Amino acid sequence: MDQIGGGKIVYLPLDERPCNYEFPHLLARGTDAAVLRPDMELMGRKKTPGNTKELFRWLEAECEDAYGAIVSLDTLLYGGIVPSRLHSRSAEECRAALTQLRRLKAHNPRLKLYALHLIMRCPQYSNADEEPDYYDDWGRELFRLGYIGQREELGVALPEELEEISSIRAELPDHIRDDYLSRRAVNVEANKAALELVADGTIDFLVVPQDDSAPYGWTAKDQQAVRARIAELDVELKALMYPGADEAGCTLLARMLNEKNGTVPLLYPRFSSVQGPFVTPLYEDRIFGESLKYHILAAGGLMAQSAAEADLVLLVNTPGETMMEAVSQQHPLVGYQVQRNIIELVEYGRYAMKRLGKPVAVADVAYANGGDLQLLKLLRQKGVLFELAGYAGWNTSANSLGTVLAQLMIYAIYGRTAGHLDFLALRFTEDFGYCSAVRRKLANGPVKELGYNYFGVDGQRGKVAEMVLESLERFAEAHIDTDEITVRITDCYMPWSRMFETGLTVQAVVKASVSGGAGQRGAAEGAAPEADPGPFSEGKGAAAAENNHARG
């Protein structure tokens, strides 16, 4: 199909971290779309909200001559994802701010306006790194109050749960409970107000990602309220709700480019395990197979039943039974060894590329918070690492899924550009290298020896960032570089001055002496890189450090 110009796409990110601010911008490199972002100084930082008034002025001005806009409503209303959990705005103030979006269409009636608006998360542990200060002491209790409370309402709470919630109700301070629940109530009303803008045509398409969700609790109850409003307004086809968050900008970019080019790709998922579609990922509320359908739909595609009818093939590396954290993969549960077959997955991927001629990408969701190091070894040995049309294996299952689907669909339109190869190299370096092999090893060793910890290091560009860069350079040389392509890391920083995420600028440098085809390493050099030691245990909330930031 002939490509149609991508045009100018105005993008208001969920926050200033690379996953939100940089990833969609990087995915657009090599396309004919110009993705325009606000200056970083307007975006705020972590708990400090962005300048919402100036951000809307910027948005309004830039949308006048744009083809489309992708807008985070949490940024527009609260100044970012973390400020959405800390703000003091009223429901009326939120509604008034949202109605400003009608001016975008008034000034540019042809504007395609896509938006994302989160369901507020409720972490299961006590840690205030991204929550109100009282979450350090009462986070676990707030979660259990909602979780057991809903089970109690449904008549399925166990006797020991009823005893636990009785104790929580007696101990949890009223002002903390009321502050937390009143903010949730405001956010749900804002979610409903956004749906009204979908109903009147102001917003052309809306995704409502569920950030760090669970089958029961405050987030699940908020979902019910929002889902009911979706049905009341008859916007089921224009407003999708599913697990996720930090990948949503990528998802909506893929959808916009698919629509602009008149493409609806059919995607065939090939699983490493028969049970893979039925595993409920960590930090999510439903089996993986149901989330997959929503992510494909949100990105502008449809699911195919076979590779023969499909335009694209997605290799899905899932757990065989129960999902673990990536830092624990040195000693995986038995199900990882006997209830899945990643060797067949890799062999099929090469077959689909070479014999069927299909673009093939990998959704690496076997573990939470990092890629599967054994899979990296096999892809590299097979010589297909840089032949992939996409890869992601970071943070939650939903984050990885939305990211790789966007890259795959954009690849299907624009091909193997330099920007595509750079994003692949970034994903390999960050998801395999940093998340699974470097992060915990540094945090438990050198970072601690310097007097810092997982939640606080020496700024964005201090000694810790230098150690991360040096470690990742060694990892890339030993475990990612091929005979055709070398990974070059030109920048490394710690966006929120903590260990959970890193910011990287990565290039895939094609070797001049190689004419084509990804090279294959020897058996010893291709051995699986050593995973980090297991989760640490450094006091209250520490054992859930990965969990603390593993959100949609």
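Since this is a predicted model, take the numbers as computed values, not measurements.
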>> Just to verify, which of Arg183, Arg140, Lys46, Arg121 counts as forming a salt bridge (Lys or Arg N to Asp or Glu O under 4.0 Å) with Glu131?
In response: Arg121
> In a check of side chain to side chain donor-acceptor pair (under 3.5 Å) between Glu247 and each of Asn395, Asn20, Asn399, which one passes?
Replying inline: Asn399
> Can you check whether Met120's main-chain N or O pairs, donor with acceptor, with Thr219's side chain at less than 3.5 Å?
Replying inline: yes
> Donor-acceptor pair, Glu430 side chain versus Arg427 backbone, under 3.5 Å?
Replying inline: no
>> Applying side-chain contact (heavy atoms from CB on, under 4.5 Å), can you list everything that pairs with Ala299, at least two apart in sequence or on another chain?
In response: Thr251, Ala254, Met409
> Listed by chain and number, what are the side-chain contact (heavy atoms from CB on, under 4.5 Å) partners of Glu171, not counting sequence neighbours?
Replying inline: Trp138, Ser167
> Do Asn108 side-chain atoms and Ala66 backbone N/O form a donor-acceptor pair below 3.5 Å?
Replying inline: yes
>> Using modelled atom types and a 3.5 Å cut-off, is there a donor and acceptor pairing between side-chain atoms of Asp39 and backbone atoms of Leu42?
In response: no
> Just wondering, are more than 12 heavy atoms of other shown residues or ligands nearer than 6.0 Å to CG in Leu237?
Replying inline: no
> Is any NZ, NE, NH1 or NH2 atom of the basic residue among Glu22 and Arg37 found under 4.0 Å from an Asp or Glu carboxylate oxygen of the other?
Replying inline: yes
>> Go through it in stages, so that I can follow the logic: the residues are Asn187 and Tyr78, the test is side chain to side chain donor-acceptor pair (under 3.5 Å), and I'd like the CA-CA distance, side-chain angles, deciding distance and then a yes or no.
In response: CA-CA 10 Å; Asn187 288 15; Tyr78 317 116; 3.2 Å; yes
> Would you say the side-chain atoms of Ser400 pair up with the backbone N or O of Ser397, donor to acceptor, closer than 3.5 Å?
Replying inline: no
>> Would you compute the distance between atom OG of Ser436 and atom CG of Leu373 and round it to the nearest 0.5 angstrom?
In response: 5.0 Å
>> Angle between ring planes, Phe271 versus Phe288, binned at 30° and 60°: parallel, tilted or perpendicular?
In response: perpendicular
>> Angle between ring planes, Trp394 versus Phe23, binned at 30° and 60°: parallel, tilted or perpendicular?
In response: perpendicular
>> Using 0.5 Å steps for rounding, measure from the CD1 atom of Ile165 to the CG atom of Leu145.
In response: 5.0 Å
> Does anything in residues 196-205 pair up under side-chain hydrogen bond (donor to acceptor under 3.5 Å, both in side chains), and if so which pairs, sequence neighbours excluded?
Replying inline: Arg95-Glu196, Arg102-Asp200, Lys105-Asp204, Glu196-Arg229, Asp200-Thr202
> Per the side chain to side chain contact (heavy atoms under 4.5 Å, CB included) rule, which among Thr396, Ile119, Leu118, Asp246 passes with Asp211?
Replying inline: Leu118
>> Among residues at least two apart in sequence or on other chains, which ones pass salt bridge (charged side-chain N to carboxylate O under 4.0 Å, His left out) with Glu321?
In response: none
>> Between Val35 and Leu253, does the side-chain contact (heavy atoms from CB on, under 4.5 Å) criterion hold? Intermediate values first, please.
In response: CA-CA 9 Å; Val35 174; Leu253 174 64; 4.0 Å; yes
> Atom CZ in Arg45, atom CZ in Arg17: separation rounded to 0.5 Å?
Replying inline: 12.0 Å
>> Between Gln329 and Gly371 (side chain of the first, backbone of the second, donor and acceptor by atom type, cut-off under 3.5 Å), is there such a pair?
In response: yes
> With Ala248, which residues qualify under side-chain contact (heavy atoms from CB on, under 4.5 Å), at least two apart?
Replying inline: Leu116, Val207, Pro209
>> If you count heavy atoms of other groups shown closer than 6.0 angstrom to CZ of Phe56, is the number above 12?
In response: yes
> Can you check whether Glu284's main-chain N or O pairs, donor with acceptor, with Asp212's side chain at less than 3.5 Å?
Replying inline: no
> In terms of heavy-atom contacts, does CD of Glu232 have more than 12 from other residues, nucleotides or ligands at under 6.0 Å?
Replying inline: yes
> Can you name the residues that form a side-chain contact (heavy atoms from CB on, under 4.5 Å) with Ala366, not counting sequence neighbours?
Replying inline: Asn317, Tyr336, Arg340, Asp364, Asp372
> Can you check whether Met324's main-chain N or O pairs, donor with acceptor, with Ser328's side chain at less than 3.5 Å?
Replying inline: no
>> If I compare all heavy atoms of Ser88 with all of Glu93, which pair ends up nearest, and what's the gap?
In response: O-OE1, 4.4 Å
> What orientation do Tyr135 and Tyr180 show, parallel under 30°, tilted 30 to 60°, or perpendicular over 60°?
Replying inline: tilted
> In Å and rounded to the nearest 0.5 Å, what is the CZ to CD distance from Arg144 to Glu164?
Replying inline: 4.0 Å
> Where the side chain of Ser182 meets the backbone of Asp178, is there a donor-acceptor pair that is under 3.5 Å apart?
Replying inline: yes
> Is the side chain of Asn453 donor-acceptor paired with the backbone N or O of Phe455 at a distance under 3.5 Å, no angle test?
Replying inline: yes
> Among side-chain atoms of Tyr454 and Asn444, is any donor-acceptor pair under 3.5 angstrom?
Replying inline: no
> When rounded to the nearest 0.5 angstrom, what distance separates NZ in Lys238 from CG in Leu206?
Replying inline: 12.0 Å
> ring pair (Phe, Tyr, Trp, His ring centres under 6.0 Å) between Tyr242 and His295: does it pass, once the steps are laid out?
Replying inline: CA-CA 8 Å; Tyr242 53 84; His295 279 272; 4.6 Å; yes
>> I need the Thr52 OG1 to His87 NE2 distance, nearest 0.5 Å.
In response: 12.0 Å
